[in-house]
Amino acid sequence: MTRPLLWFAEGIRLPLLFAAGALAAFMLPLEASYPVRLLTQVGVYALLGIGYQFVFGLAGAFSLAQGAFFGVGAYVAALAALQWDWTGELTLPAAVLVATAMAALAAAPVLRLRTHYFALATLGIAQVLFVLAVGWIDLTGGANGLAGIGELMLWDQRLDGRDGMVFVWILVAVVGLLLYQVRRSLVGLAFDLVRTDPFAAIAAGAPAARLRFAAFLASAGIAGLAGALQVHSIGVVSPEVLDFDIMIRCLVVVVVGGVARTSGAILGAFVVVLVPEWLHALEGYRLLVFGAVLLATILFAPEGIIGTAERLRRRWLPGPALPRPLATLRAPGRSLLATTRPVLSLERVAKGFGGVVALEGVTLKVARGEIFGLIGPNGSGKTTLVDVVTGMTAPDEGRVVVSGEDLTGRPPSVISRHGVARTFQTVHLHPDMTVLDNVAAARLGDLPGGPLGTLLAIGTERRLRRARGEAAAILEALDLAAVAMRPGGTLAPALQRRVELARALARNPELVLLDEPAAGLSEPEQAHLAERLRALKTRGLAMIIVDHNLGFLLGLADRVACLDQGRLIAIGTPEQVRNDPDVVSAYIGGGIAARAAS
């Protein structure tokens, strides 16, 4: 089967394209004003929903300001048309730019928040804008709003009736294609990790803050465009465009149709606009029936109509085959001096949490191709040290130097780009994403190409194909090719830990920090892991391994350090540390030391 046919056969594209063709065949001949107006409204809400897919569907941020940005776009277009006599070629870009600028101003404080705090902060933005629209009578007309906004005109061509409807749907197609391309790209995999598990995103080196910021701005700009189209289509604007009812409709569009899917936003828009019209005959009961339909959809299709169709398709039809393995590339931009300098230098690093000292003046170096063990009792500061090195926690004092570059206090994504990767004590994989894509997502920062290449790609992005090929090679090297196409959440714990190691290696790191890699593994599995780690050492990879399993760690490490109450009490060869009196007293104990030595 040729590549185009394979592309059509994957997922549910073919039936969706047939549906799109049928929709176009239905829309184009329409002349009556009422159905044309309804389909224009469907297109406007589809745009609003597609915009919301960026921030809610891709980034997983439950913003309640999407309706507010829709209202901002409507007011900007109305004021520009009424006060300056601007036409569509200026009102539409102005609506997009103003809504995006407002989102950029709001992003700094609100994007630092998570879960319900983020939702409440964005709801506050919406309420402030609503109050301004009602109270600023000289500008907005107050509760009465503004009327007399002309129909959309572009370069002296009036787009009314059917022409206006077709133009709206052209914009839906263009913006929907952008969402589709992002979702089907390497950036889309990173968004999946950011949305599902922030720790998995950190391990993959995904720039979570930058992705959330871009998604928030894209959603606001598209909402502003939808608001401008709305005001040109109905000719009036009032504070109702900023009301929470718009936000509720936007949520219904996305949840009913399917999250992060262009086709889901379009289908949801049809449901929101047309189903209440079809239920007019029920008069006073129509809202009750409409609510029952929505509730049934949410209960029986929690992934949305399109998401449920895709899940059924995956259950009944086979998925794609494992791609051809490709040799991995070294990450660009690494300093040649890294070959002669220590990979990691910690200089008097200190960290406290309230009155608890987690690290106190820790100084150590890790050389290229060295396996460095880190031991100590619970609460001694081992995980804090790993978090400081990888940027998840900023030290209070001291310096973190990686390959000669001071990276103290830099965010995890920046430190990851400088050749540092990690795993976690608790496994963090995307449970529904294939093992292959869990690993491929870590290639985002190292492969050439950027946003333009992603948006202009046809079908699967070239970077994503390359990343999957390189991930396949890494999985093959770690004897994981047999499970590459299985969801990460279906694997046994031992396999999940090996997948986490594969994801860390996909970063092309110079230093890997492994937190309890042998936890829960049987002795044969520990022996297999140790063999793989020794092979990686011969390639020049430096490793810091935190583990309570002394038999595993002391037999593997070149040097070992012991922490106790945040202080470094011993450092040396495994034999030296095993027999150090302070280490025996604080952590190992006589019986454990004997067993570790045997």
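Quantities reported herein were computed from a predicted structural model and do not represent experimental measurements.
Heavy-atom neighbours of F118 CZ from other residues, nucleotides or ligands within 6.0 Å: above the threshold of 12. Heavy atoms of other residues, nucleotides or ligands lying less than 6.0 angstrom from CZ of F244 number more than 12. Taking a 6.0 Å sphere around CD of E303, one finds it holds more than 12 heavy atoms contributed by other residues, nucleotides or ligands.
With rounding to the nearest 0.5 Å, the separation of OG in S416 from CZ in R507 is 3.0 Å. Once rounded to the nearest 0.5 Å, the distance linking CD of Q53 with OG1 of T262 reads 7.0 Å. Summarising the geometry, atom CZ belonging to R503 is positioned 10.5 Å from atom CZ belonging to R422; distances are rounded to the nearest 0.5 Å. Interatomic distance, CG of L242 versus CD1 of I125, reported as 12.5 Å (0.5 Å rounding). The OG atom of S219 lies 8.5 Å from the OH atom of Y52; values are rounded to the nearest 0.5 Å. Note that CG of L90 and CH2 of W84 are 11.0 Å apart. Values are rounded to the nearest 0.5 Å.
Remark: R410 engages no residue in a salt bridge (Lys or Arg N to Asp or Glu O under 4.0 Å) (not counting sequence neighbours). The salt bridge (Lys or Arg N to Asp or Glu O under 4.0 Å) test applied to D245 returns R249, not counting sequence neighbours. In this structure, T100 has no side chain to side chain donor-acceptor pair (under 3.5 Å) partners at least two apart in sequence or on a different chain. Under the side chain to side chain donor-acceptor pair (under 3.5 Å) criterion, T87 pairs with E89, sequence neighbours left out. Applying the salt bridge (Lys or Arg N to Asp or Glu O under 4.0 Å) test to E151 and every residue at least two apart in sequence or in another chain returns R158.
Here the closest heavy-atom approach between residue L64 and residue L251 is recorded as CD2-CD1, 4.4 Å. Between A269 and V42, the closest heavy-atom pair is CB-O, 3.4 Å. In plain terms, the two heavy atoms of P487 and T490 that are nearest each other are O-OG1, 2.7 Å. Shortest non-hydrogen contact noted between A472 and L436 is N-CD1, 3.7 Å. The two residues V231 and A77 come nearest to each other via the heavy atoms CG1-CB, 3.7 Å. Nearest heavy-atom pair, T91 versus A80, reported as atom, atom and distance to 0.1 Å: CG2-CB, 4.0 Å.
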Step-by-step side-chain contact (heavy atoms from CB on, under 4.5 Å) determination, M392 to F199: CA-CA 10 Å; M392 293 185 64; F199 291 103; 3.3 Å; yes
R210 and S413: CA distance, side-chain angles, deciding distance, side-chain contact (heavy atoms from CB on, under 4.5 Å) verdict: CA-CA 10 Å; R210 197 166 66 209; S413 59; over 6 Å; no
Audit row: F62, T122, side-chain contact (heavy atoms from CB on, under 4.5 Å) steps and yes/no: CA-CA 9 Å; F62 185 38; T122 53; over 6 Å; no
Candidate pair L152 and L92, rule side-chain contact (heavy atoms from CB on, under 4.5 Å), full reasoning: CA-CA 9 Å; L152 186 64; L92 298 185; 4.3 Å; yes
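Between the side chain of T140 and the backbone N or O of A133 there is at least one donor-acceptor pair closer than 3.5 Å. Of the possible donor and acceptor atoms, none in the side chain of R112 sits under 3.5 Å from a partner among the backbone N and O of V110. H428 places no side-chain N or O within donor-acceptor distance of the main-chain N or O of D197, the cut-off being under 3.5 Å. When atom types are taken as modelled, the side chain of Q496 and the backbone of G488 share a donor-acceptor pair closer than 3.5 angstrom. Of the possible polar contacts, one joining the R183 side chain to the A260 backbone as a donor-acceptor pair under 3.5 Å is found.
Judged purely by distance below 3.5 Å, without hydrogens or angles, the side chains of S233 and R37 never pair a donor atom with an acceptor atom. For the 3.5 Å distance criterion, the side chains of N438 and H430 fail to qualify, holding no donor opposite an acceptor.
Taking 4.5 Å as the limit, every side-chain heavy atom of T390 sits out of range of all side-chain heavy atoms of P412. By the 4.5 Å heavy-atom criterion applied to side chains, L139 and L132 are not counted as neighbours. Contact annotation: the side chain of V236 never approaches that of L146 to less than 4.5 Å [non-hydrogen atoms, C-beta and beyond]. At least one side-chain heavy atom of R462 sits less than 4.5 Å from a side-chain heavy atom of R465.
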Solution key, residues 187-194 side-chain donor-acceptor pairs under 3.5 Å, sequence neighbours excluded:
{"from": "D192", "atom 1": "OD1", "to": "R195", "atom 2": "NH1", "distance (Å)": "3.2"}
{"from": "D192", "atom 1": "OD1", "to": "R195", "atom 2": "NH2", "distance (Å)": "2.8"}

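Cation-pi geometry between R212 and F216 is not met: the NZ or CZ atom fails to fall both under 6.0 Å from the ring centre and inside 45° of the normal.
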